[in-house]
Number of protein chains: 2
Amino acid sequence: MNVTLPSETIFHVIESTIKEYRKFAQKNISKKIQDITIDQGMVLLFLNDHPGLTQKEIAELVFKDNASMTRMINTMVGKKHLKRSINNEDRRRYKIEITTKGKEVLKNLPPIIQQNRNSSLKGITKNELEQLEVILGKIRTNCTKN
Amino acid sequence: MNVTLPSETIFHVIESTIKEYRKFAQKNISKKIQDITIDQGMVLLFLNDHPGLTQKEIAELVFKDNASMTRMINTMVGKKHLKRSINNEDRRRYKIEITTKGKEVLKNLPPIIQQNRNSSLKGITKNELEQLEVILGKIRTNCTKN
DNA sequence: TAAATATAATTGATATATCAATTACATAGC
DNA sequence: GCTATGTAATTGATATATCAATTATATTTA
């Protein structure tokens, strides 16, 4: 049996788009901020907006599993962007807090991210964005419901 | 400065869609074939259709870098799906060949992949697929041209 | 309340991602 | 024919991805 090569499918297009965006965004971040990855930046943004998030919750927001999140937070603690401490309300969890150094990153990150989004979405209409969201939503639903 | 949280952006939608598709596809592959990842399967499909591809070329087709491809092929050679041998026309390259065991995988893989694509794209029109491709193409171009 | 079950996080093992440096070979230009 | 430059692949270091097993704590239920 023959199947169309992966390179001819829409999945290839989706994959290459998100990978190019990530490369582009990472490059622009690295120009201005040392030692921060996109995903680490997203962790900071989420924690900033929702203090008290557990590792598990952060993991879901950035599409990682718990094991990856444990290690990712280890490295962010090692780099002094985050502080991890005992949570006495529920000793299974930790309190994850943004340090001064982490807050410094948060001062510089937003304009870069905004710029990344704007330039990568240049020339794309609101309507197109809505279509994109709807169609991708259908695919995702098909994958999770079956 | 405030930015919209990543979870509210189209990039989050794109990312989650491709990740769900990958999970879904991997799960269906694993039900029938032991010890093959989606990416390893894609390498087999590409090599089957284009014998003589170099590691570098395969890497581009599946969006990996050379270092990852070296290691990926190492493991596929270790699992006896591929055979690597000297290429006397250009001794910087290798000849990468599919073994009998690799061909066995290639017998079983295509119907699963076809089924994965069909079910995940169920209810999506040809027109929507075209739109998807066009819009994502614009984003990708914005990211590579800037 | 003791035992069963559930949850959050960690750990080990293995694979992959990424960058920079290196090796080995090929080719162009002098 | 030599040197400079280019190219394919590897390697080392570190981070992340993934699965399964484990630890520590909470919650439910008999």
> So does A:Gly137 get a backbone contact from the side chain of A:Thr141, meaning a donor-acceptor N/O pair under 3.5 Å?
yes
> What is the distance from NZ of A:Lys56 to P of C:dA6, rounded to the nearest Å?
14 Å
> Touch check for B:Arg22, heavy atoms < 4.0 angstrom, all strands: base, sugar-phosphate only, or nothing?
nothing
> Answer yes when B:Asp39 and B:Arg22 have at least one side-chain N-carboxylate O distance shorter than 4.0 Å, and no when they do not.
yes
> Could you tell me the separation between the CD1 atom of A:Ile38 and the P atom of D:dA17, rounded to a whole number of Å?
12 Å
> Under 3.5 Å, is there a donor-acceptor pair linking the side chains of B:Arg117 and A:Thr9?
no
> So what does B:Asp39 hit on the nucleic acid, given a heavy-atom distance under 4.0 Å: a base, only sugar-phosphate, or nothing?
nothing
> What is the distance from CZ of A:Arg84 to C1' of C:dA8, rounded to the nearest Å?
12 Å
> Between A:Glu104 and A:Lys107, is the closest basic N to carboxylate O distance under 4.0 Å?
yes
> Send over the distance from A:Asn88 CG to C:dA8 P, rounded to a whole Å.
18 Å
> Tell me: CE of A:Met69 to P of C:dT10, nearest whole Å?
11 Å
> Would you classify B:Glu57 as touching base, sugar-phosphate or nothing, given that sugar-phosphate means primed atoms plus P, OP1 and OP2, and contacts are heavy atoms under 4.0 Å?
nothing
> CD of B:Gln55 versus P of D:dT7: gap in Å, rounded?
17 Å
> Do you know which of B:Leu45, B:Ile113, B:Val62, B:Val43 makes side-chain contact (heavy atoms from CB on, under 4.5 Å) with A:Pro6?
B:Leu45
> Quick check on C:dT16: is either OP1 or OP2 less than 4.0 Å from any side-chain nitrogen or oxygen of B:Thr75?
yes
> Which residues pass the side chain to side chain contact (heavy atoms under 4.5 Å, CB included) test with B:Lys23, not counting sequence neighbours?
B:Glu20
> Compute the bend angle of the helix from C:dT1-D:dA30 to C:dC30-D:dG1 from the end axes (five pairs per end), rounded to 10°.
10°
> Are A:Gln40 and D:dA15 close enough that a side-chain N or O sits under 4.0 Å from OP1 or OP2?
no
> Closest nucleotide of DNA chain C for B:Asp90 versus for B:Lys79: which of these residues is on the 5' side?
B:Lys79
> Just the atom pairs and distances: protein N or O near nucleotides 18-24 of chain C's N or O, under 3.5 Å.
unit_1, atom_1, unit_2, atom_2, d
C:dT18, O4, B:Arg71, NH1, 2.7

> What is the ring orientation for A:Phe63 with B:His12, classed by angle as parallel under 30°, tilted 30 to 60°, or perpendicular over 60°?
tilted
> Just call it for A:Thr70: base, sugar-phosphate, or nothing, with non-hydrogen atoms closer than 4.0 Å on any strand.
base
> Measure CG/B:Asn87 against C1'/C:dA26 and give the value in whole Å, please.
12 Å
> Going through the distances and angles, do A:Met69 and A:Lys56 end up as a side-chain contact (heavy atoms from CB on, under 4.5 Å)?
CA-CA 8 Å; A:Met69 192 44 63; A:Lys56 189 177 155 63; over 6 Å; no
> Does this structure show an ion pair linking A:Glu128 with B:Lys138, if we count only N-O contacts that are shorter than 4.0 Å?
yes
> Output the rounded distance in Å from CD1 (B:Ile86) to P (D:dA8).
16 Å
> Kindly check if the number of other-residue, nucleotide or ligand heavy atoms within 6.0 Å of CD (A:Glu133) is above 12?
no
